[in-house]
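Below is one structure; the comments refer to it alone.
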Amino acid sequence: ALQAVFLISFYPTLIALLKRQTREQPLAWFFSFSSYSLQIVNIFVSSSPLFALVFPIVNLIGNGGIGVIAWFQNKEEIE
């Protein structure tokens, strides 16, 4: 249930980006994306239980999604 809260927490930022009500710096979101990617690698390397993957995967999706949208929006503004 807590993981659903983390996923829902990305909703306001996502909607604001899609409505172009805010601008985000994609680099910050990509740093957190890479952090969660390394957490996933660590879980596999350390033979942790698979349910430990839920938290980093949820945050990987949220941070990665917002980072990609922010990157495309910033790219459009430059062109």
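What you are looking at is a predicted structure, and each value in this text was computed from that prediction instead of being measured.
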| Full working for side-chain contact (heavy atoms from CB on, under 4.5 Å) between Thr13 and Trp29 | CA-CA 12 Å; Thr13 306; Trp29 294 96; 4.1 Å; yes
Pairs under 3.5 angstrom only: tabulate donor-acceptor contacts from the side chains of residues 52-63 to other protein residues two or more places apart or in another chain.
{"unit_1": "Asn59", "atom_1": "ND2", "unit_2": "Phe55", "atom_2": "O", "d": "3.0"}
{"unit_1": "Asn63", "atom_1": "OD1", "unit_2": "Ser32", "atom_2": "OG", "d": "3.2"}
{"unit_1": "Asn63", "atom_1": "ND2", "unit_2": "Asn59", "atom_2": "O", "d": "2.9"}

| request: Keeping to residues at least two apart or across chains, list the salt bridge (charged side-chain N to carboxylate O under 4.0 Å, His left out) pairs with something in residues 30-41. | output: none
| request: Identify, with sequence neighbours excluded, every residue that meets side-chain hydrogen bond (donor to acceptor under 3.5 Å, both in side chains) alongside Ser48. | output: Ser46
| task | May I ask you to list the residues sharing a hydrophobic cluster with Ile15, side-chain cutoff 4.5 Å, ordered by chain and number? | result | Tyr11
| Phe31 CZ to Ser35 OG distance, which is reported to the nearest 0.5 Å | 11.0 Å
| field | Partners meeting side chain to side chain contact (heavy atoms under 4.5 Å, CB included) with Leu14 (sequence neighbours left out) | value | Leu18, Ile69
| query | Among all residues two or more places apart in sequence or in another chain, which pass the ring-ring contact (aromatic ring centres under 6.0 Å, His included) test with Phe72? | reply | none
| Which hydrophobic side chains are connected to Ile8, either touching it within the sub-4.5 Å cutoff or through other members that do? | none
| Separation between CD1 of Ile43 and CD of Gln39, rounded to the nearest 0.5 Å | 6.5 Å
| message | Holding to ring-ring contact (aromatic ring centres under 6.0 Å, His included), I want the full list of residues that pass it with Phe33, two or more places apart in sequence or in another chain. | response | none
| query | Taking only residues at least two apart or on different chains, which pairs with a member in residues 10-20 satisfy salt bridge (charged side-chain N to carboxylate O under 4.0 Å, His left out)? | reply | Arg20-Glu76
| field | Contacts of Thr22 that satisfy side chain to side chain contact (heavy atoms under 4.5 Å, CB included) - sequence neighbours left out | value | Ala16, Leu17, Glu24
| field | Whichever hydrophobic residues join Phe51 through chains of side-chain contacts under 4.5 Å | value | none
| said: Please enumerate all residues that pass side chain to side chain contact (heavy atoms under 4.5 Å, CB included) together with Ser47, with sequence neighbours excluded. | reply: none
| message | Tell me the closest heavy-atom pair linking Pro26 and Gly67, and the distance in Å. | response | CB-O, 3.6 Å
